[in-house]
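As structure tokens, the structure follows; a few thoughts come after it.
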Amino acid sequence: MDTKNFIERFYAKYGNRNIKPVLFFSPGRVNLIGEHTDYNGGFVFPCALNYGTYLLIRGIDSNILKFSTINFDDDAETELKGLFVNTKKRWINYPLGVINEFLKRDIKISGLEFLYYGDVPNGAGLSSSASIEMVTAVALNEIFNAGFNTLDLVKMSQKAENEFVGMNCGIMDQFAVGFGKKDHAIFLNCDTLSYENVPVILNDCSLIITNTNKRRGLTDSKYNERRGECDKAVELLQAYKPIRNLSELNVGDIPLLEKYIKDPVVRKRAKHVISENGRATEAVKVLKENNIKRFGELMNSSHDSLKDDYEVTGFELDTLVYEGRKLPGVLGTRMTGAGFGGCTISIVKRADAVKFMSDLSTVYKEKTGLVPDFYQPEIGDGARRLE
Ligand code: GLA
């Protein structure tokens, strides 16, 4: 939607053309490699997209917060009178959770009108949630002169998601949408939060995101179950080394897992996390050497490990990945995000991209009865004011 149109929608909703709303944007993200490692203190390699969430926001002389979105018909109004509690209108919990983090830090919030518009698909593993949290955080920070830096806003948004929304995610998504940099991916150490922006130069290839369009049902509970299994692994491995998280071990330690972890499921989970950290580290190294072929191979092994050892893929994601790999020009393809549905990310030769999308669409429809969506994203900047 163009800005002029968006602003017209704002006036149509809230009136008063004399005071212009301010426009903010926060991207979605796609993770190239390093999956289910963030909450284990490991490495991730996401990048921000040119798709995301737009927010028009304006202060009003009252104690009311008014929320509306162009994406669906579900407005809400609420009075400012202390901390908020989780509401039944699910999407409003994201901004309310963020507002709570400001209130908890004694930032005085007064009446506001919000109009959101998102062009990243919801619940598809592209961080639509982190995107709406961060766009709200960046806007409130500026409007109320709160003085938080990007890392503060990232942590506040993650807290909103963990404590208010109730999804126990790691820090990758909020970090990627906060710190995104055009044409770069972020190699982030989720333990120390040190990071490096690495240029994504793919020669004659491009990134293609494919949405399974499978409804994600049990994602949150399965996600929390995986976190629990990793905690269990850490506890057992303390008999071997006094570790705080699985990422303190490296690929050379994998043969020892059998000795310390008797439960084969917990052992597989630990193996995934440790091997995935190894793959993410190598992937960044080979990308810097412009070895896209090896980068693609590592993406493929990442998916295999997420399927066999971490068990977070499922029929739809596996169909896209294993059918995709049979097509010409595909260097690598894997699930991205939490899994159980959502999207895959593939590196495909530009010359084969159109055929990839049409052939994969046909076979995916045949096998699953679902119609996939394709995106050829650009890598964009992080959350910011637009005008
Ligand atoms: C979700 C979470 C992230 C991360 C990924 C898996 O996107 O929000 O914190 O754990 O899953 O890598």
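Numbering of ligands and ligand atoms starts at 1, following listing order. All of these numbers come straight from a predicted model, not from anything done at the bench.
- Taking distance alone, with nitrogen or oxygen atoms compared against 3.5 Å, G170 approaches ligand 1 more closely than that limit.
- For atom 3 (C) of ligand 1, the closest heavy atom belonging to the protein is D38 OD2, 3.3 Å.
- In this structure, R29 is part of the shell of residues with a heavy atom less than 4.0 angstrom from ligand 1.
- Those atoms of ligand 1 with a heavy atom of G337 less than 4.0 angstrom away are 6 (C), 11 (O).
- If you check which protein heavy atom lies closest to atom 10 (O) of ligand 1, you get Y223 OH, 2.5 Å.
- R105 has a carboxylate O that lies under 4.0 Å from a charged side-chain N of E101, or vice versa, which qualifies the two as a salt bridge.
- You'll find the ring centres of Y195 and F179 inside the 6.0 Å limit.
- The residues K232 and E229 are annotated as not salt-bridged, no charged nitrogen and carboxylate oxygen being separated by less than 4.0 angstrom.
- Side chains of N250 and N277 form no contact here, defined as non-hydrogen atoms less than 4.5 Å apart.
- Counting heavy atoms from C-beta outward, F43 and N189 have side chains that approach closer than 4.5 Å.
- Polar contact check, Y39 against ligand 1: no nitrogen or oxygen pair lies under 3.5 Å apart.
- You'll find the side chain of C47 reaches within 4.5 Å of the side chain of V30, heavy atoms only.
- Residue contact check: C169 has heavy atoms under 4.0 Å from atoms 2 (C), 8 (O), 9 (O) of ligand 1.
- The contact set between ligand 1 and M172, taken as ligand atoms under 4.0 Å from a residue heavy atom, comprises 4 (C), 5 (C), 12 (O).
- On a distance-only criterion, D173 and ligand 1 share at least one N/O pair closer than 3.5 Å.
- Contact check on K271 versus D309 returns a salt bridge, with a Lys/Arg side-chain nitrogen under 4.0 Å from an Asp/Glu carboxylate oxygen.
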